[in-house]
Amino acid sequence: MTQPSVNRRAGIAMEDEEIAGFLRDARKLQLATINGDGTPHLVTMFYGLSDGKITFWTYRKAQKAKNIDRDSRVTCLVESGDDYFDLRGVMVYGTARLIDDPEAVLDVGMDVTRRMTGMAAPDGTASNGGEDGSLREYVAHTARKRIAYVVEPSRVVSWDHRKLPGASVG
């Protein structure tokens, strides 16, 4: 039996615009860091976007922060779908770059919070106009104990099973 001449993997990969839209529309990701013993540490987190790059924040003493301090390599997985022909995902391999400037941490926190609560602007950007002062106050209070990161991607892998032969479009 001969192998199909078309690379099935390439056929389900998302285009750059599809990846950008998928990341813009999703709110949660699975973040993998590396524990001191080499095992993976995996957590689900809300995230933000800055110039198309994934951002997130965490408490300074969190395990993921300790892991990133030791080894800044991370993998971020954003996925959706419940049935096989609906599965879509983007996996970003990269390096987590520390953001510890208080104002920049607050900016990441506001973006994460807006996206988490569905308050992001329709284009996925964080809106500064008409912002609820109490929300900013709360996020600023929380930000005092947090640091933030931006993921500098080294490789991006994507899939969209809706593109498979036999998947229903609709």
Side-chain angles (χ1 to χ4, degrees), residues 14 16 18-82 87-159:
M14 293 184 203
D16 289 346
E18 293 173 299
I19 291 170
F22 187 76
L23 292 177
R24 182 195 63 235
D25 294 343
R27 299 181 323 151
K28 295 182 295 183
L29 59 76
Q30 286 83 45
L31 172 71
T33 60
I34 304 167
N35 285 317
D37 65 0
T39 59
H41 178 262
L42 188 63
V43 294
T44 300
M45 302 189 59
F46 290 99
Y47 70 96
L49 291 170
S50 177
D51 296 325
K53 294 179 182 176
I54 292 171
T55 60
F56 61 92
W57 69 339
T58 188
Y59 291 103
R60 284 183 175 92
K61 296 186 180 204
Q63 185 63 49
K64 63 186 121 347
K66 291 176 184 177
N67 291 345
I68 292 169
D69 282 348
R70 184 177 41 259
D71 186 336
S72 61
R73 292 176 297 166
V74 298
T75 301
C76 300
L77 170 64
V78 180
E79 62 175 348
S80 72
D82 292 320
L87 295 178
R88 295 185 299 154
V90 173
M91 192 160 29
V92 178
Y93 297 93
T95 302
R97 182 174 45 85
L98 177 66
I99 299 170
D100 60 359
D101 170 69
E103 195 59 36
V105 171
L106 178 58
D107 289 345
V108 169
M110 285 301 297
D111 187 32
V112 169
T113 302
R114 284 187 198 101
R115 289 170 52 84
M116 181 177 74
T117 59
M119 295 172 56
D123 66 356
T125 62
S127 169
N128 289 327
E131 199 167 85
D132 179 8
S134 61
L135 177 64
R136 186 169 186 82
E137 196 174 298
Y138 169 77
V139 173
H141 177 75
T142 304
R144 294 179 300 129
K145 296 181 181 180
R146 293 187 180 233
I147 53 179
Y149 296 93
V150 61
V151 178
E152 301 292 348
S154 57
R155 190 173 102 195
V156 176
V157 177
S158 67
W159 56 94

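Here the structure is a predicted model, which means the values were calculated and not measured. Note that these values count all heavy atoms, side chains included, but never hydrogens, waters or copies made by symmetry. One is the number of the first residue; the rest follow in order along the sequence.
- The shortest distance between side-chain heavy atoms of Tyr47 and Val78 falls below 4.5 Å.
- By the neighbour-count criterion of 12 heavy atoms within 6.0 Å, atom CG of Asp82 is sparsely surrounded, having that number or fewer from other residues, nucleotides or ligands.
- For the pair Val90/Glu18, no side-chain contact is recorded, criterion being any heavy-atom separation below 4.5 Å from C-beta on.
- If you take CG on Asn67 and OG on Ser72, they are separated by 11.5 Å, rounding to the nearest 0.5 Å.
- Remark: Ile99 CD1 to Thr55 OG1 distance equals 6.5 Å, nearest 0.5 Å.
- Counting heavy atoms from C-beta on, the side chains of Val157 and Tyr93 come closer than 4.5 Å.
- Counting all heavy atoms, side chain and backbone alike, Val151 lies closest to Gly94 at CG1-CA, 4.3 Å.
- Distance alone, capped at 3.5 Å, places no donor-acceptor pair between the Thr39 side chain and the Asn35 backbone.
- Atom CG of Asp69 is separated from atom CG of Leu98 by 7.0 Å, given to the nearest 0.5 angstrom.
- For CZ of Arg70, the number of neighbouring non-hydrogen atoms (other residues, nucleotides, ligands) closer than 6.0 Å is greater than 12.
- Looking at Leu77 and Thr75, their side chains never come closer than 4.5 Å, going by heavy atoms from C-beta outward.
- Side-chain atoms of Thr58 and Tyr149, non-hydrogen and from C-beta on, do get closer than 4.5 Å to each other.
- By the 4.5 Å heavy-atom criterion applied to side chains, Tyr59 and Thr142 are counted as neighbours.
- Minimum heavy-atom separation, Phe56 to Phe46: CB-O, 4.2 Å.
- Proximity of Glu79 to Leu87: side-chain heavy atoms (C-beta onward) are nowhere separated by under 4.5 Å.
- Residues passing the side chain to side chain donor-acceptor pair (under 3.5 Å) test with Arg27: none are found, sequence neighbours excluded.
- Ser158 contributes a side-chain N or O that, together with a main-chain N or O of Met14, makes up a donor-acceptor pair within less than 3.5 Å.
- Between Leu49 and Ile54 there is a side-chain heavy-atom pair separated by less than 4.5 Å.
- Taken from CG in Asp107 to CH2 in Trp57, the straight-line distance is 10.5 Å, to the nearest 0.5 Å.
- Scanning all heavy atoms of the two residues, the minimum distance from Val112 to Gly48 falls at CG2-N, 3.6 Å.
- For the salt bridge (charged side-chain N to carboxylate O under 4.0 Å, His left out) condition, the pairs that include at least one residue of residues 47-64, sequence neighbours left out, are Lys53-Glu152.
- Heavy-atom minimum distance, Gly109 versus Val139: C-CG1, 3.7 Å.
- A pairwise comparison of heavy atoms in Ala148 and Val105 identifies N-CG2, 4.0 Å as the closest pair.
- The minimum heavy-atom distance between Leu23 and Arg115, with the atom names listed, is O-NH2, 3.1 Å.
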